[in-house]
Amino acid sequence: MEEERRLKLSGNPDWMSRLPQELQDVPLWNLAIPGSHDSMSFCLDVSSPVLRSEPCLLRAMDWLVPCWTRPCVSRWATTQQSVLSGQCELGVRFLDLRIARKPTGGHTLFFAHGIYTLTTVKEALDELAVWLDAHPKEVVIVSCSHFESLTPEDHSHLVEYITTLYGEKLCPSQDVPTLRSCWSRGQQLVVSYGDQQVVLQHPELWAEIPYWYADSPDPKKVIAYLEDQKHRARPAGFYVTGLNLTEDAPYVLLHPLQGMRRMTLRALSPLLRWASEQRPGREAGEVNVVCCDFVDLSEFCSLVIGLNYKTLAAGRRPVCETPRALP
């Protein structure tokens, strides 16, 4: 299809607004949506300490030789190289935000992956708000998780900032969001929050979205794991299929100069080939959000967006209504 070919040759800043009408009444969890794994890892701070939640071996190395350990961790923990708005311009509509408070950072919240980021949570949320204003028919799903060292007070302030900043742009968890319903209400943001107690107190927040990943540095094992998952019951609402590779502390220490970018480049071909064979939908084996590392190194976003057109090309009737799953 002409639209699918066009998407592959350019960025995708407004791809949702250009989907065919047949897909505009489909629940968002029945569409194929590109996502970025560890979305804020492009701005890791090599002067910050290794997280307390990291393995003892890595923390011991950080205490003994921080000048070697932190750059090493940064090479392996960096999974993106585009800023948040740049990822959205490429077509990413699922952002994986892992939030943390530094031991000596006061109440200012940052992001973290192995080590902490330079960019604060408020700065990133402000950047996303500006981008949404410029693209009023695009809907982004934000997954807030991990919450390293956050206190109840930190959670309260964070949720208050989110609800104040985005206001009516937030899609409440009671809705069955479709593109058309979101457009009619001016809604552009689904916020998933990985703390169930906080979610119960705030109906504007969604429960944590399931994320399927293989926990392996081997792309063959990643694909085998995802194939196995396809035969299981599909989550009723949003869910994530992770194409990302995963390394452990011993692997990092044995391969300090390799880094995640090099590992990802070697694995991209089979992972993207597998992704190109998938279909979106509500049945077992059908995908929803698909996440990848280094989303700007390939046609990943265009490939995932293009999966939505496979449903129409095959003559399948999109499912436009589905019961709202309980969290």
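All heavy atoms count here, side chains included; hydrogens, waters and symmetry mates do not. Numbering of residues begins at 1 and proceeds along the displayed sequence.
At a cut-off of 3.5 Å, with distance as the only test, no side-chain donor of Ser184 or Arg180 sits close to an acceptor on the other residue. No side-chain donor from either of Arg75 and Gln258 sits under 3.5 Å from a side-chain acceptor of the other. With no hydrogens or angles considered, a side-chain donor-acceptor pair links Glu89 and Trp131 at under 3.5 Å. Defined by atom type and a distance below 3.5 Å, a donor-acceptor pair is missing between the side-chain atoms of Ser192 and Glu208. A side-chain donor from one of Ser47 and Asp45 sits under 3.5 Å from a side-chain acceptor of the other. Side-chain contact check for His155 and Gln197: no donor-acceptor pair (N or O, by modelled atom type) lies under 3.5 Å.
Among pairs with a residue in residues 55-64, those fulfilling side-chain hydrogen bond (donor to acceptor under 3.5 Å, both in side chains) read Asp62-Arg70, at least two apart in sequence or across chains.
For the pair Val295/Gln80, a side-chain contact is recorded, criterion being any heavy-atom separation below 4.5 Å from C-beta on. In this structure, the side chains of Leu95 and Ser36 come closer than 4.5 Å at one or more pairs of heavy atoms.
Gln187 places no side-chain N or O within 3.5 Å of a backbone atom of Trp183 that could act as its donor or acceptor partner. With hydrogens and angles disregarded, no donor-acceptor distance shorter than 3.5 Å links the side chain of Gln278 to the backbone of Val287. A donor-acceptor distance shorter than 3.5 angstrom exists from the side chain of Lys310 to the backbone of Ser276, with no hydrogens or angles considered. Between the Ser39 side chain and the Asp96 main chain, a donor and an acceptor come within less than 3.5 Å of each other.
Rounded to the nearest 0.5 Å, atoms CD1 (Ile33) and CG (Leu28) are 5.5 Å apart. Taken from OG in Ser149 to OH in Tyr116, the straight-line distance is 5.0 Å, to the nearest 0.5 Å.
Aromatic ring pairs are classed by plane angle as parallel below 30°, tilted from 30° to 60° and perpendicular above 60°; the pair Tyr213 and Tyr211 is perpendicular.
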Q: Carefully, step by step, assess Thr79 and His113 under the rule side-chain contact (heavy atoms from CB on, under 4.5 Å).
A: CA-CA 9 Å; Thr79 63; His113 190 210; 3.9 Å; yes
Q: Apply salt bridge (charged side-chain N to carboxylate O under 4.0 Å, His left out) to Arg101 and Asp154, showing your working.
A: CA-CA 9 Å; Arg101 181 155 64 94; Asp154 291 326; 2.8 Å; yes
